[in-house]
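Note that the structure is predicted; figures quoted are calculated from it, not measured.
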Amino acid sequence: MKITHVEATILRQETIDTSRADGGQDTLLVQIEADSGLVGFGEVDSSPEVAKAFIDAPASHSINNGLRNLLLGHEVNDLNETWERLYRGSIYAGRRGAGIHALSGIDMALWDLQGKSLGVPVGSLLGPKIHDEIKAYASV
């Protein structure tokens, strides 16, 4: 499948309480569209503006690219190879922190896209089912 569109959209509550460590107040939604018309979704629970800049940045040189630039027109056959392509193509600015966070949002969207293209849940692509149930977890 060939990538035709990559969009990063900041979602933010009207009022942010900066005294709380609450990633639900803002996030970055990542959408990746393939030539098939399917769209995969991911999200980045980091500083949305910084992660968006990492995705949207234009190419500077061979190892300093924005993730969108590395994906557009790319034929995704192997998600591991694509991850390496993104990591190596942006390594100058993104080995850690917000760069890896942005890459993880792209990775989630690519796995979602892959599952949709094959008509299977993403979990089945990652390995065999281990549990039938898990306890819910939440923190405040």
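Here the closest heavy-atom approach between residue D56 and residue A8 is recorded as OD1-CB, 4.3 Å. Among all heavy-atom pairs drawn from N65 and A59, the shortest one is OD1-CB, 2.9 Å. Summarising the geometry of N64 relative to A93, their closest heavy-atom pair is OD1-CB, 3.4 Å, with the distance given to 0.1 Å. When all heavy atoms are compared, the tightest approach of H74 to T82 is NE2-OG1, 3.2 Å. When all heavy atoms of A51 and A102 are compared, the closest pair comes out as O-CB, 3.8 Å.
Under the 4.5 Å side-chain contact rule for hydrophobic residues, W83 and I106 share a cluster. With hydrophobic clusters built from ILVMFWY side chains whose heavy atoms lie under 4.5 angstrom apart, I100 shares a cluster with I63.
Side-chain contact between V6 and L67 is absent, with no heavy-atom pair separated by less than 4.5 Å. For the pair L28 and T9, the minimum side-chain heavy-atom distance is 4.5 Å or more. At least one side-chain heavy atom of I32 sits under 4.5 Å from a side-chain heavy atom of L71. Counting heavy atoms from C-beta on, the side chains of E33 and L38 never come closer than 4.5 Å. Residues I134 and H131 have side chains in contact (heavy-atom distance under 4.5 Å, counting atoms from C-beta outward). A heavy-atom distance below 4.5 Å is not found between the side chains of M108 and V30.
To the nearest 0.5 Å, the span separating CD1 on I55 from OG on S90 amounts to 10.5 Å. In this structure, R85 CZ and L79 CG are separated by 13.5 Å, a value rounded to the nearest 0.5 Å. Once rounded to the nearest 0.5 Å, the distance linking NE2 of H101 with OG of S47 reads 10.5 Å. Atoms CG and CG, from L103 and L70 in turn, are 10.0 Å apart once rounded to the nearest 0.5 Å.
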* CA sep, side-chain torsions, deciding dist, call: R95, Y87, side-chain contact (heavy atoms from CB on, under 4.5 Å) -> CA-CA 8 Å; R95 292 180 187 167; Y87 181 76; 3.9 Å; yes
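Annotation: ring pair (Phe, Tyr, Trp, His ring centres under 6.0 Å) contacts of H61 (sequence neighbours excluded): Y92. Partners of T27 under the side chain to side chain donor-acceptor pair (under 3.5 Å) rule, at least two apart in sequence or in another chain, are E43. By the side chain to side chain donor-acceptor pair (under 3.5 Å) test, N80 pairs with no residue at all, sequence neighbours left out. Applying the side chain to side chain donor-acceptor pair (under 3.5 Å) criterion to D17, with sequence neighbours excluded, gives S19. The side chain to side chain donor-acceptor pair (under 3.5 Å) check on R88 picks up E84, with sequence neighbours excluded.
Heavy-atom neighbours of L126 CG from other residues, nucleotides or ligands within 6.0 Å: above the threshold of 12.
For R12 and D26, the salt-bridge test passes: some basic side-chain N is under 4.0 Å from an acidic carboxylate O.
Remark: the backbone N or O of D35 is not paired with any side-chain donor or acceptor of K2 at under 3.5 angstrom. Distance alone, capped at 3.5 Å, places no donor-acceptor pair between the R68 side chain and the A57 backbone.
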What donor-acceptor contacts under 3.5 angstrom involve side-chain atoms of residues 110-122, with partners at least two apart or in another chain?
from, atom 1, to, atom 2, distance (Å)
W111, NE1, D107, OD1, 3.4
D112, OD2, F41, N, 2.8
D112, OD2, K116, NZ, 3.1
K116, NZ, V39, O, 2.7
S117, OG, Q114, O, 2.8

